[in-house]
Novice: 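Pasting a structure here, questions to come.
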Amino acid sequence: QVQLVESGGGLVQAGESLRVSCAASGRDFSTYGMGWFRQAPGKEREFVAAISRVISSTIYADSAKGRFTISRNNAKKTVDLQMDSLKPEDTAVYLCAADRAGRAASTTYAYAYWGQGIQVTVSS
């Protein structure tokens with residue numbers, strides 16, 4: 001089992017950058033695929049980015065491609081999401097998640113473990 005805690009959220013202006021991090025506790029972090037999702041008020045939870053355990057292959061939502069970068073540090077048990085050129089529509093609670101199968105998956109049901117989430121607000 002793994003516990004996940006997000007950090008680094010906050011309020012930024014459109015066009016600025018922000019980096020959110022997810023710290024994991026528990027065993028075998030390197031065997032998990034990791035993902036970032038977001039959820040805005042009144043909307044469904046949506047996929048943002050994911051990174052696999054093997055060779056750290058990555059996938060991104062179309063809305064994140066070219067602006068966001070996911071990375072992981074297995075020694076530190078962290079996964080980060082660097083967000084550049086932020087837009088007001090990126091405003092949401094950002095959640096990290098862990099997949100026991102080690103995949104870079106884009107669907108919520110692939111993930112067994114979730115953090116509590118952290119607020120990211122982008123003002124126009």
Side-chain angles (χ1 to χ4, degrees):
Q1 190 168 352
V2 62
Q3 291 80 44
L4 305 171
V5 179
E6 299 91 342
S7 63
L11 172 65
V12 296
Q13 293 191 340
E16 294 184 341
S17 297
L18 193 66
R19 189 178 187 93
V20 290
S21 295
C22 176
S25 60
R27 297 176 61 182
D28 302 324
F29 173 77
S30 63
T31 68
Y32 290 90
M34 301 298 297
W36 282 98
F37 290 75
R38 66 187 184 187
Q39 189 163 18
K43 293 188 176 181
E44 296 284 321
R45 188 168 295 184
E46 67 172 356
F47 169 72
V48 177
I51 187 167
S52 70
R53 69 175 181 90
V54 177
I55 66 172
S56 293
S57 63
T58 59
I59 58 171
Y60 294 91
D62 287 344
S63 60
K65 286 179 182 176
R67 298 190 300 127
F68 294 4
T69 304
I70 188 171
S71 60
R72 66 187 299 161
N73 185 321
N74 288 335
K76 295 183 178 180
K77 297 184 180 180
T78 58
V79 58
D80 292 347
L81 185 68
Q82 175 68 38
M83 301 182 288
D84 299 321
S85 303
L86 282 161
K87 305 174 182 179
E89 51 263 44
D90 294 318
T91 295
V93 173
Y94 282 70
L95 307 99
C96 70
D99 169 28
R100 288 176 292 192
R103 301 162 295 188
S106 61
T107 55
T108 57
Y109 57 78
Y111 294 89
Y113 305 108
W114 292 84
Q116 292 294 312
I118 194 160
Q119 180 70 44
V120 172
T121 303
V122 185
S123 64
S124 58

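In this chain, numbering begins with 1 at the start of the sequence shown. All values reported here derive from a predicted model rather than from experimental measurement.
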Novice: Are Val20 and Met83 side-chain neighbours, meaning at least one heavy-atom pair lies under 4.5 Å?
Specialist: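 They are in contact (side-chain heavy atoms under 4.5 Å apart), so the answer is yes.
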
Novice: Are Trp36 and Glu6 packed together at the side-chain level, in the sense that at least one heavy-atom pair is separated by less than 4.5 angstrom?
Specialist: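 In short, these two side chains touch, coming nearer than 4.5 Å.
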
Novice: Taking C-beta and beyond as the side chain, do Phe29 and Asn74 meet within less than 4.5 Å on heavy atoms?
Specialist: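 Counting from C-beta outward, Phe29 and Asn74 do come under 4.5 Å.
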
Novice: For the side chain of Thr78 and the backbone of Cys22, is there at least one donor-acceptor N/O pair under 3.5 Å apart?
Specialist: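 Checking the backbone N and O of Cys22 against the side chain of Thr78, no donor-acceptor pair under 3.5 Å is found.
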
Novice: Got Val12 and Thr121 here, is their nearest side-chain heavy-atom distance under 4.5 Å?
Specialist: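 Side chain of Val12 against side chain of Thr121, heavy atoms only: no contact under 4.5 Å found.
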
Novice: Should Arg38 and Ser63 count as side-chain neighbours, where that means a heavy-atom distance under 4.5 Å?
Specialist: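 Yes, their side chains come closer than 4.5 Å.
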
Novice: How far apart are the C-alpha atoms of Ser52 and Arg103, what are their side-chain angles, what is the distance that settles it, and do they pass the side chain to side chain contact (heavy atoms under 4.5 Å, CB included) test?
Specialist: CA-CA 5 Å; Ser52 70; Arg103 301 162 295 188; 5.8 Å; no

Novice: Show the nearest heavy-atom pair for residues Ser124 and Ala14, with the distance to one decimal.
Specialist: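 For Ser124 versus Ala14, the nearest heavy atoms are CA-CB, 4.4 Å.
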
Novice: Would you call Leu86 and Phe68 a side-chain contact if the rule is heavy atoms closer than 4.5 Å?
Specialist: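 Touching, per the 4.5 Å side-chain cut-off.
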
Novice: Which atoms form the tightest heavy-atom contact between Ala98 and Val2, and what is the distance?
Specialist: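 The answer is CB-CG1, 3.9 Å.
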
Novice: Any link between Leu95 and Val120 through a network of hydrophobic side chains (Ile, Leu, Val, Met, Phe, Trp, Tyr) touching at under 4.5 Å?
Specialist: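 No; Val120 is not reachable from Leu95 via cluster members.
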
Novice: Work out which heavy atom in Thr108 is nearest to a heavy atom in Trp114; give both atom names and the distance.
Specialist: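 Distance-wise, the nearest heavy atoms are O-CZ2, 3.6 Å.
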
Novice: Please determine whether the number of non-hydrogen atoms from other residues, nucleotides or ligands lying under 6.0 Å from atom CZ of Arg100 exceeds 12.
Specialist: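 Incorrect, the count does not exceed 12.
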
Novice: List the steps, then state whether side chain to side chain contact (heavy atoms under 4.5 Å, CB included) holds for Ser106 with Ile59.
Specialist: CA-CA 8 Å; Ser106 61; Ile59 58 171; 4.1 Å; yes

Novice: Do you know the tightest heavy-atom contact between Tyr60 and Ile70?
Specialist: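 For Tyr60 and Ile70, the tightest heavy-atom pair comes out as OH-N, 2.9 Å.
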
Novice: So, Asp80 and Arg72, do they make that salt bridge, N to O below 4.0 Å?
Specialist: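 Not counted as a salt bridge, because no side-chain N and carboxylate O are separated by less than 4.0 Å.
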
Novice: Looking at Asp90 and Lys87, is any side-chain nitrogen of the basic one under 4.0 Å from a carboxylate oxygen of the acidic one?
Specialist: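 Salt bridge: no.
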
Novice: Taking all non-hydrogen atoms of both residues into account, name the closest pair between Ala40 and Ala92 and its distance.
Specialist: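 Heavy atoms only, the tightest pair is N-CB, 3.9 Å.
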
Novice: Could you tell me whether Asp99 and Arg53 make a salt bridge, using a distance below 4.0 angstrom between a side-chain N and a carboxylate O?
Specialist: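 The answer is no: the pair does not qualify as a salt bridge.
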
Novice: Give me the atom names and distance for the closest heavy-atom approach of Gln1 to Gln3.
Specialist: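 Looking at all heavy atoms of both residues, the shortest contact is CG-NE2, 3.8 Å.
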
Novice: Any side-chain heavy-atom pair from Leu81 and Thr69 closer than 4.5 angstrom?
Specialist: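 Not in contact.
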
Novice: Any luck finding a side-chain donor-acceptor pair between Thr91 and Glu89 under 3.5 Å?
Specialist: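 Their side chains do not contain a donor-acceptor pair, so the 3.5 Å distance test is not met.
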
Novice: Would a single hydrophobic cluster contain both Phe47 and Met34, if residues Ile, Leu, Val, Met, Phe, Trp and Tyr are joined by side-chain heavy-atom contacts under 4.5 Å?
Specialist: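 Shared cluster, no.
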
Novice: Output yes when a side-chain donor or acceptor of Asn73 lies under 3.5 Å from a complementary backbone atom of Lys76, and no otherwise.
Specialist: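 Yes; at least one donor-acceptor contact below 3.5 Å.
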
Novice: Check whether Val93 and Leu4 end up in the same hydrophobic cluster, where Ile, Leu, Val, Met, Phe, Trp and Tyr are linked by side-chain heavy atoms less than 4.5 Å apart.
Specialist: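 The answer is no; the residues belong to distinct hydrophobic clusters.
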
Novice: Can a donor-acceptor pair be found between the side chains of Gln13 and Ser123 at a distance below 3.5 Å?
Specialist: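 Not at all, the side chains of Gln13 and Ser123 share no donor-acceptor pair under 3.5 Å.
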
Novice: Going by atom types only, do Ser21 and Ser7 share a side-chain donor-acceptor pair under 3.5 Å?
Specialist: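 The answer is no; no qualifying pair exists.
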
Novice: How many angstroms lie between atom NZ of Lys77 and atom OG of Ser25, to the nearest 0.5 angstrom?
Specialist: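 One gets 7.5 Å once the value is rounded to the nearest 0.5 Å.
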
Novice: Determine whether the aromatic ring centres of residues Tyr111 and Phe37 are separated by less than 6.0 angstrom.
Specialist: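 Yes, the ring of Phe37 comes within the 6.0 Å limit of the ring of Tyr111, centre to centre.
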
Novice: Looking at OH of Tyr94 and CZ of Arg45, how far apart are the two atoms once the value is rounded to the nearest 0.5 Å?
Specialist: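 Here the rounded value is 13.5 Å.
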
Novice: What's the spacing between Glu46 CD and Gln39 CD if we round to 0.5 Å?
Specialist: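 Reported to 0.5 Å precision, the distance equals 9.5 Å.
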
